[in-house]
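In this text, all values refer to a predicted model and were calculated from it rather than measured experimentally. Order of the sequence lines fixes the chain letters, A, B, ..., with proteins taken first and strands second; residue numbering starts at 1 for each chain.
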There are 2 protein chains.
Amino acid sequence: MPSQNGRSFSTRRYSCDNCPLRPLPAFREFEKEELVFVNTVKKGELAVDKGATVLVEGSRSAHLYTVLSGWAFRYKLLSDGRRQIMNYSMPGDLIGLQGSLMGEMQHSVEALSPMLLCVFDREVLPELYRGHPGLAYDITWIASREERMLDENLLSIGRRTALERAAYLIAFISSRAKTVGLNGRTPLQIPITQQHVADTLGLSLVHTNKTIRKLMDRGLIHWRDGGCEVIDSEGLKELARWEGLNEDRRPLI
Amino acid sequence: MPSQNGRSFSTRRYSCDNCPLRPLPAFREFEKEELVFVNTVKKGELAVDKGATVLVEGSRSAHLYTVLSGWAFRYKLLSDGRRQIMNYSMPGDLIGLQGSLMGEMQHSVEALSPMLLCVFDREVLPELYRGHPGLAYDITWIASREERMLDENLLSIGRRTALERAAYLIAFISSRAKTVGLNGRTPLQIPITQQHVADTLGLSLVHTNKTIRKLMDRGLIHWRDGGCEVIDSEGLKELARWEGLNEDRRPLI
DNA sequence: CGCAAAGTTGACAGGACTCAAACGAGGTGG
DNA sequence: CCACCTCGTTTGAGTCCTGTCAACTTTGCG
């Protein structure tokens, strides 16, 4: 099992037939034929360490990934180092689709925890589009879902106050996590630092800290063991004036 | 020609064979067969007035549009009326794809100028995916392009200063406009108000006005006749530390 | 001519940033 | 086992950026 840069590639441990994610109610049923195809083109699995870079801006990755387990975040940098986190990736999410379609990666992805990724060659996309229109549709749907999340984040950063933003972000992440079974223990622990929150909300670290403290003082969250725990998810949503995810079952490639 | 709410539907004036956009160097060549299909499923044309609402959040539109001419913007509202503009639409852009894929619209679209739209039934998508994998790929590509633009806007709002944001926004819009031949006259006139800029950048109207004034004082733009003119597009990019669009030719559905 | 919409300006308040320092927990080496 | 380092979090002080309020100007239009 070769290992470098916190990444180690292995051949398959999971067949798509016994995928641990697919049974979750968040994902739609697949046709037998679709499952066979996905299983065929799955190339292997990639384990990445916490803190490792999965994809880097400017590169041309030959691969496309689906998160099997673990958390990651997607970000861009300005030339002077200012960082903006665009979104988070969790089990069932596709990583690297933009790069696969458009050539060069326009953002980087870094692991927030140890992760296990399903690996696909980007080259399979044309074949998938030719032979499996249902899956092709699913991929567009997934891209569209990401766009919808970005719209929400943009609304948040642009028009919510610091306190509302923080409440929205934490409610958003924890809602998504719940749909993919990351709520093993209660309350759910989100493996991010306050610096991540700051870089997502467009705030400074110091001000983010003071804002998070207000959420704690209101009894909405806890912050401990280097992560965030949600106490009152409804309270967060109310504070942020956020309606919730409102998602149907989605495809899992 | 029925007309209501600033919208009037007409049967086709343009066949896809003599589409005024397709010859532009920004768009890739289409296969004869693809062109025939698009021409077949094009249902008609819709003219909308400046200020009219093309699509509204929460609705389920039966249609999908391609902008033939004119400008629009895409936005979301918070419950108390705060508005965030996500992006702008110009000739060649698809409007309503998100709603077509996911059911309900999650944002609204309003015309910034008189527009002419090509109309498609959302129902054609499954057929398109089944019979025309190349076009299906194109649609995913277009969704991915939108995502890339949103990433850039998010980076801007989150991490650029007010002055940099304004410079970026205007440079971004004018770059896009140039690629679709909206630079008939020089300098190009962007038909937006300062309120639009404010709602895009996440700033107040008053502060936006003062920021725009700084750009004018630096000789980078003019603001007149209810719109923005770019004087020094390189200067804007430099101020915003923005690399430019860097786009290949793209599909036009 | 008068109204409405868009743009401009000044004063002031408050939110957010920077600087700087300290604290706590976990890991490592002596 | 303790000293020491690092990383993440916390706090306070002062400054500046941005928002709000309010009034005024300009432009376009009926």
Side-chain angles (χ1 to χ4, degrees), chain A residues 49-52 73 78 80-85 110-113 156-167 169-170 189-217 221-229 239, chain B residues 6 49-52 73 78 80-85 110-114 156-167 169-170 189-217 221-229 239:
Chain A
D49 296 341
K50 170 176 172 170
F73 65 96
L78 285 176
D80 62 358
R82 281 175 282 179
R83 180 175 77 172
Q84 176 64 39
I85 296 179
E110 182 178 322
L112 281 168
S113 71
S156 201
I157 297 191
R159 287 308 183 199
R160 279 192 247 251
T161 66
L163 191 65
E164 291 170 341
R165 275 184 235 184
L169 175 65
I170 295 170
Q189 169 112 17
I190 305 172
I192 53 177
T193 67
Q194 297 188 1
Q195 184 68 64
H196 291 120
V197 176
D199 287 345
T200 311
L201 303 184
L203 298 171
S204 72
L205 175 59
V206 171
H207 196 249
T208 298
N209 177 274
K210 287 166 182 167
T211 303
I212 285 175
R213 176 136 299 283
K214 285 182 190 165
L215 292 181
M216 292 171 67
D217 291 345
I221 62 170
H222 267 325
W223 201 279
R224 67 169 183 222
D225 300 335
C228 174
E229 290 175 3
L239 176 54
Chain B
D49 296 340
K50 170 176 174 172
F73 65 97
L78 286 176
D80 62 358
R82 282 174 282 179
R83 180 175 76 171
Q84 176 65 39
I85 295 179
E110 181 179 322
L112 281 167
S113 71
S156 202
I157 297 190
R159 286 308 184 200
R160 279 192 248 251
T161 66
L163 191 64
E164 290 169 342
R165 275 184 233 183
L169 176 65
I170 295 171
Q189 168 112 15
I190 305 171
I192 53 177
T193 68
Q194 297 188 359
Q195 184 68 63
H196 292 120
V197 177
D199 287 346
T200 311
L201 302 184
L203 299 171
S204 71
L205 177 58
V206 172
H207 196 248
T208 298
N209 177 274
K210 287 166 183 168
T211 303
I212 285 175
R213 177 136 300 281
K214 284 182 192 165
L215 292 180
M216 291 171 69
D217 291 345
I221 63 169
H222 267 326
W223 202 278
R224 66 169 184 223
D225 299 337
C228 173
E229 291 175 3
L239 175 55

**OP:** Remember a base hit wins even if backbone is also touched, and classify Gly202(A) as base, sugar-phosphate or nothing at under 4.0 Å, heavy atoms.
**Re:** sugar-phosphate

Subject >> Comparing Arg160(A) and Lys210(B) on DNA chain C - which has the more 5′ nearest nucleotide >> reply: Lys210(B)

Original post:
Hey, does the side chain of Asn209(B) come within less than 4.0 Å of dT8(C)'s phosphate (OP1/OP2), counting only N and O?
Top reply: yes

Original post:
With respect to the side chain of Ala162(B), which nucleotide from dA11(C), dT18(D), dT9(D) is positioned closest?
Top reply: dT18(D)

Original post:
Is it true that Arg159(A) and Asp199(B) make a salt bridge, defined as a side-chain N closer than 4.0 Å to a carboxylate O?
Top reply: yes

Original post:
Separation of Ile190(B) atom CD1 from dA6(C) atom P, in whole Å?
Top reply: 17 Å

**OP:** Could you check how far CH2 of Trp223(A) sits from P of dT10(D), rounded to whole Å?
**Re:** 9 Å

Subject >> Between C1' of dT9(D) and NE2 of His196(A), the distance in whole Å >> reply: 14 Å

Original post:
So, do Arg213(A) and Leu215(A) sit near enough that their side-chain heavy atoms are less than 4.5 Å apart?
Top reply: no

Original post:
So which one's nearest nucleotide on DNA chain D is more toward 5', Arg159(A) or Val206(A)?
Top reply: Val206(A)

Subject >> Options dA6(C), dT9(D), dG10(C), nucleotide nearest the side-chain atoms of Thr193(B) >> reply: dA6(C)

**OP:** Whole angstrom is fine here: how far is it from NZ in Lys50(A) over to P in dG26(C)?
**Re:** 12 Å

**OP:** For Ser204(A) and His207(A), test the side chains for any donor-to-acceptor distance below 3.5 angstrom and give the result as yes or no.
**Re:** no

Original post:
Quick one: Met216(A) CE to dT9(D) P, roughly how many Å, whole number?
Top reply: 11 Å

Original post:
Leu201(A) has an atom CG; how far is it from atom P of dC17(C), in whole Å?
Top reply: 10 Å

Original post:
Are Glu110(A) and Lys50(A) ion-paired here, with the side-chain N under 4.0 Å from a carboxylate O?
Top reply: no

Original post:
Minimum heavy-atom separation for Ile157(A) to Leu201(A), with atom names?
Top reply: CG2-O, 4.0 Å

**OP:** Round to the nearest Å and state the distance from Lys214(A) atom NZ to dT9(D) atom P.
**Re:** 18 Å

Subject >> Nucleotide dT25(D), atom P - distance to CZ of Arg213(B) in whole Å >> reply: 16 Å

**OP:** Measure from the side chain of His207(A), starting at C-beta and using heavy atoms only, and say which of dT10(D), dC17(C), dT9(D) lies closest.
**Re:** dC17(C)

Subject >> N/O (side chain, Gln194(A)) to phosphate O (OP1/OP2, dC7(D)) under 4.0 Å >> reply: no

**OP:** Name the closest nucleotide to the Leu203(B) side chain, picking from dT9(C), dT10(D), dT18(D).
**Re:** dT18(D)

**OP:** Describe the nucleic acid contact of Ile212(B) in one word from base, sugar-phosphate, nothing, applying a heavy-atom distance below 4.0 Å.
**Re:** nothing

**OP:** Check every strand shown and say whether Leu205(B) touches a base, only sugar-phosphate, or nothing at a heavy-atom separation below 4.0 Å.
**Re:** nothing

Original post:
Under 4.0 Å: is that the gap between some side-chain N or O of Arg224(A) and OP1 or OP2 of dT9(D)?
Top reply: no

